[in-house]
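All residue numbers refer to positions in the sequence shown, counting from 1. When a ligand or atom number is given, it counts from 1 through the structure's own listing order.
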Amino acid sequence: MPYEDHSSEGVRQRARAGRRDRGNRDRLRLAAVDGETLTGETAAGEGCPGIVKPLPPELFIPHETNAEMRWEAMRDVGYHVPNERFFVRNHTSTPIIDAATWHLRLHGSGLRNPRSFGYEELLALPSVTRDVAIECAGNGRSFFATQQDQEITGTPWRLGGIGVARWRGAPLAAVLELAGLTPDAVDVMPRGLDADYVADGVDYGRVRRPIPVSKALKDVILAYEMNDAPLPPDHGYPMRLVVPSWIGLASIKWVGDIEVSTSPLASPWNTEFYRMFGEAYPPGGSAPLSVQGIRSAFELPWEATLAVGRPHVLHGRSWSGNGRVAGVEVSFDEGATWHHTQLLGPHVVPAWTRWHITWSPQEVGPHTLLARATDETGAVQPPRTTHNEFGYLFDAAVRHPVKVVKG
Ligand SMILES: Nc1nc2c(c(=O)[nH]1)N[C@H]1C(S)=C(S)[C@@H](COP(=O)(O)O)O[C@H]1N2
Ligand SMILES: [Mo]
């Protein structure tokens, strides 16, 4: 039965019960992610069902159907994350689609000329190419538990639920125009061709989520290339949306149809999931999440080992959905003092900024590294962030443990 046939209250109750059930399971998983147990053994033993590309344990941390990028693997890699290293977030599993028979169907009350496009037709349209980050709204989720001692449910990402790629495709605006977008259209809902998402006995249907027409016309890309190659199967082949600066969920993979409507559209992904629920939020949750927050990561292994008394150049990256990263500071003493890092390389708003700083640790033993970015709106990563049940948008400075040893 499609979601739309359920009463919204019933769905909310089931979603709450689901959140509770999932809670126990996810807390167990968090315990495993927290410590030294995160090794190649886990990767080889569990794998990630439904993901097509190889997931070598030195590049990825497996989380059920999802694969997290290891940040240390980005050391000495350029601005873009190579396709073989890009994180994968699958609600179900990667479908294998034949571009020759694939069509994108545009339909709904907001179009004068509903129609379908073939793969080659879309490739023949004028294209745009842009560096854009795709980041899961739950990136950093595990730190609600490990840093703030709070309960959350969902995939226990550290910070590797993000990647920046160079995407090429047709502007969604041009495709909507060809289908006769009406002036009173308000929402656009792309839908994936992967299987129905079923969780705790509830079938939520295919992954889909509305975006406002204003955003669709502004900068959304119907992408068919990732880093100068056709989209890999795991990243949406033959076609996906790329929605700059918005939570990764908006960038629907394996898109098969797009509904365009003159009245607001809904799906479980903007009513039950991807809203903030919890003490700090209204009973029905916050408004649906859209823009990504501000975050920083070191290109270092978790529990990296560094020799004492020697200078180490520490590298990292910072990003913010709200604007350019204006500066990044690092602390080696639990936040008592902060040091400016040197920003380097290309830097565009919906992607990330690279930085580095030199540190000569003077004492053997465990240390914590902290990095905090400030963006051009003045937003700065706080020491602690507000809790929400699903653990979305963790934006506090992450405590990165390192071991300083005799050289
Ligand atoms: N059809 C479909 N699109 C999807 C998803 C999915 O499971 N199915 N996952 C979404 C989520 S939650 C994220 S974070 C991004 C991840 O993109 P990636 O797997 O290419 O890194 O894809 C989004 N698009
Ligand atoms: Mo996501």
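- What sits closest to atom 23 (C) of ligand 1 on the protein, heavy atoms only, is Gly248 O, 3.4 Å.
- Protein heavy atom closest to atom 9 (N) of ligand 1, with residue, atom name and distance, is Arg89 O, 3.3 Å.
- Residue contacts with ligand 1 for Trp254 involve side-chain atoms from C-beta outward but no N, CA, C or O (heavy atoms, distance under 4.0 Å).
- Close contacts of ligand 1 with His235, meaning ligand atoms under 4.0 Å from a residue heavy atom, involve 18 (P), 19 (O), 20 (O), 21 (O).
- Against a heavy-atom cut-off of under 4.0 Å, Phe86 is close to the following atoms of ligand 1: 21 (O).
- Atoms of ligand 1 lying under 4.0 Å from any heavy atom of Asn90, numbered from 1 in the order shown and given with element: 7 (O).
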Quiz item: Is there a side-chain hydrogen bond (donor to acceptor under 3.5 Å, both in side chains) between His107 and Asp257 once you walk through the steps?
Solution: CA-CA 8 Å; His107 58 100; Asp257 74 286; 2.7 Å; yes

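- Using cut-offs of 30° and 60° for the angle between ring planes, the His63 and Trp157 rings count as perpendicular.
- In terms of polar-atom proximity, defined here as any N/O pair under 3.5 Å, Phe87 does make such a contact with ligand 1.
- The only option from Thr341, Thr337, Leu370 that meets the side chain to side chain contact (heavy atoms under 4.5 Å, CB included) definition with Val330 turns out to be Thr341.
- Taking atom 3 (N) of ligand 1 as the reference point, the nearest protein heavy-atom neighbour is Lys253 N, 2.9 Å.
- Between Arg240 and ligand 1, a contact under 3.5 Å exists for at least one N or O pair.
- Contact atoms of ligand 1 toward Tyr274: 12 (S) (distance under 4.0 Å to a heavy atom of the residue).
- Below 30°, between 30° and 60°, or above 60°: for Trp71 and Trp352 the angle between ring planes is between 30° and 60°, a tilted geometry.
- Annotation for ligand 1: atoms under 4.0 Å from non-hydrogen atoms of Asp194 are 1 (N), 2 (C), 6 (C), 7 (O), 8 (N).
- Between Tyr204 and Phe273, the two ring planes are perpendicular [angle over 60°; tilted spans 30° to 60°].
- For ligand 1, the atoms closer than 4.0 angstrom to any heavy atom of Gly192 are 1 (N).
- In summary, the atoms of ligand 1 found under 4.0 Å from a heavy atom of Ser251, numbered by their order in the structure, are 22 (O), 23 (C), 24 (N).
- Between Trp302 and His400, the distance from one ring center to the other falls under 6.0 angstrom.
- No side-chain donor-acceptor contact under 3.5 Å links Ser127 to the backbone of Arg168.
- Protein heavy atom nearest atom 10 (C) of ligand 1, with residue, atom name and distance: Leu249 CA, 3.8 Å.
- In summary, the aromatic rings of Phe332 and His339 are positioned with their centroids under 6.0 Å apart.
- Classified by interplanar angle (parallel below 30°, tilted 30° to 60°, perpendicular above 60°), the ring pair Phe143/Phe394 is tilted.
- Considering backbone and side-chain atoms alike, His91 places an N or O below 3.5 Å from some N or O of ligand 1.
- Using bins of under 30°, 30° to 60° and over 60° for the plane-to-plane angle, the ring pair Tyr392/Phe390 lands in the tilted bin.
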